[in-house]
Amino acid sequence: MKIIASRTVCIGAGQCVFSAPESFDQDDDGKVVVLDDSPEPGAALAAVREAVEVCPSRALSLVAD
C-alpha cells in the first residue's frame with residue numbers, strides 16, 4: 001500500500017500525526033508531510049488506515065502499489 005497526501009486539501013488538523021506519528025508529520029504551516037509512504041503490514045498499516053479515516057479534510061488516501 002502507498003500513502004497519497006494532498007497538501008492542497010490538508011487543513012492542518014494534525015489527526016494523522018496523532019494516529020500514525022511514524023508515517024506523518026506537519027511542516028511549519030501545519031500541512032501534512034509523509035515520512036513513510038509505504039507502511040509495513042501490521043500495526044503501522046493499521047495506524048495509517050486510522051489516520052486516513054479520521055482526516056477531517058480527506059486529504060489522505062491509501063492505494064495499492
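Every heavy atom of this structure was used, including side-chain atoms; hydrogens, water molecules and symmetry mates were not.
- Sparse packing is recorded around CD of E40, with 12 or fewer heavy atoms of other residues, nucleotides or ligands lying under 6.0 Å away.
- In this structure, the side chains of V34 and S23 stay at 4.5 Å or more apart for every pair of heavy atoms.
- A 4.5 Å side-chain heavy-atom check between L45 and M1 finds at least one atom pair inside the cut-off.
- Put simply, L62 and F24 are part of the same group of oily side chains (I, L, V, M, F, W, Y) that touch within less than 4.5 Å, one to the next.
- In this structure, the side-chain hydrogen bond (donor to acceptor under 3.5 Å, both in side chains) partners of D27, at least two apart in sequence or on a different chain, are R7.
- A distance of 7.5 Å separates CD1 in I3 from OG in S38, rounded to the nearest 0.5 Å.
- Ionic pairing of D65 and K2 is not present here: no N-O contact between side-chain nitrogen and carboxylate oxygen is shorter than 4.0 angstrom.
- V52 and I4 fall into different hydrophobic clusters, where Ile, Leu, Val, Met, Phe, Trp and Tyr side chains are chained together by heavy-atom contacts under 4.5 Å.
- Between the R49 side chain and the A44 main chain, no donor and acceptor come within less than 3.5 Å of each other.
- Judged purely by atom type and a 3.5 angstrom limit, E50 has no side-chain atom pairing as donor or acceptor with the backbone of A20.
- Nearest heavy atom pair, residue S57 against residue V9, reads O-CG1, 3.2 Å.
- Cluster partners of L35, by chain and number: V33. The rule joins Ile, Leu, Val, Met, Phe, Trp and Tyr whenever side-chain heavy atoms lie under 4.5 Å apart.
- Put simply, CD on Q26 and SG on C10 are 6.5 Å apart, with the number rounded to the nearest 0.5 Å.
- No side-chain donor-acceptor contact under 3.5 Å links D29 to the backbone of K31.
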